[in-house]
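Before any comments, here is the structure.
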Amino acid sequence: GDSVTQMEGPVTLSEEAFLTINCTYTATGYPSLFWYVQYPGEGLQLLLKATKADDKGSNKGFEATYRKETTSFHLEKGSVQVSDSAVYFCVLADSGNTPLVFGKGTRLSVIA
Amino acid sequence: GAVVSQHPSRVICKSGTSVKIECRSLDFQATTMFWYRQFPKQSLMLMATSNEGSKATYEQGVEKDKFLINHASLTLSTLTVTSAHPEDSSFYICSAPKGRGYNEQFFGPGTRLTVL
């Protein structure tokens, strides 16, 4: 079945550091890929998405490129802020109306 | 974007009581909704798929008599935790895809259940 593997945290960075959270997937079809973010005590919010190979999703300074050749969707940000502290989930959707496949989540802590 | 609400956001109940959690799609119709459970510092675990007009589909290991799901309309699904016990304390989250074939899902804000 489909699966998502993302780097385990926690990740602790200083403010303005570069962030990379690795994510790889396995899927039988042509999935869409997402990064969701969960701030403390809250639900999940969509951060960015890519629906086909070579698409780049971007939002709030975060970027991820859908790499079919390496089955990856790594999340990057050039300069993190304290407010970026949250849990980040790499997520795969194989088709409409099917459950999402979640990575285990990576907790990011950014310190001033 | 689409909006999904959940009610209540937090609930504390005594052991043995039942608790109902509502999930509503506010600006779109959802024939399917998903219920997840999240333990502290862990990922989301799919509990069941809620289908409008038919029975819910439960994941392996989820007790259907304990977690009753009713998809009452195209905008409302409810999860009832029956005879709740402390081990049922968790964060419950619902999601709904917007439209057939549209594989982005929209999440509710979650419900924190604490069973004393």
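Sequence lines set the chain letters: A, B, ... in the order given, protein chains first and strands last, and positions in each chain run from 1. Heavy atoms only: backbone and side chains are in, while hydrogens, waters and symmetry mates are out.
Within 6.0 Å of the CD atom in A:E15, the count of heavy atoms belonging to other residues, nucleotides or ligands exceeds 12. More than 12 heavy atoms of other shown residues, nucleotides or ligands fall within 6.0 angstrom of atom NZ in B:K66. Around atom CD of A:E16, no more than 12 heavy atoms belonging to other residues, nucleotides or ligands sit under 6.0 Å away. Counting heavy-atom neighbours within 6.0 Å of B:H85 NE2, excluding the residue itself, gives a total above 12.
At least one side-chain heavy atom of B:F107 sits under 4.5 Å from a side-chain heavy atom of A:L100. Two residues are said to be in side-chain contact when any heavy atoms from C-beta on lie closer than 4.5 Å; A:Q38 and B:F91 meet this criterion.
B:F34 and B:L79 are not part of a single hydrophobic cluster, where members link through side-chain heavy atoms under 4.5 Å apart. Cluster annotation: A:L47 and A:M7 are assigned to the same hydrophobic cluster (Ile/Leu/Val/Met/Phe/Trp/Tyr, side-chain heavy-atom contacts under 4.5 Å, transitive).
In this structure, chain B has a heavy atom under 4.5 Å from the side chain of A:L46, while its backbone stays farther away. Proximity to chain A (any heavy atom under 4.5 Å) is restricted, for B:Q38, to the side chain, taken from C-beta onward.
Here the side chain of B:S43 pairs no donor or acceptor atom with the backbone of A:G105 at under 3.5 angstrom.
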Point to revise | side-chain contact (heavy atoms from CB on, under 4.5 Å) evaluation trace for A:K104 with B:Q42 | key: CA-CA 7 Å; A:K104 292 188 175 182; B:Q42 294 189 27; over 6 Å; no
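For the atom pair A:F102 CZ and B:M45 CE, the distance stands at 12.5 Å (nearest 0.5 Å). Rounding to the nearest 0.5 angstrom, the gap separating the CZ atom in A:F89 from the CG atom in B:L44 is 5.5 Å.
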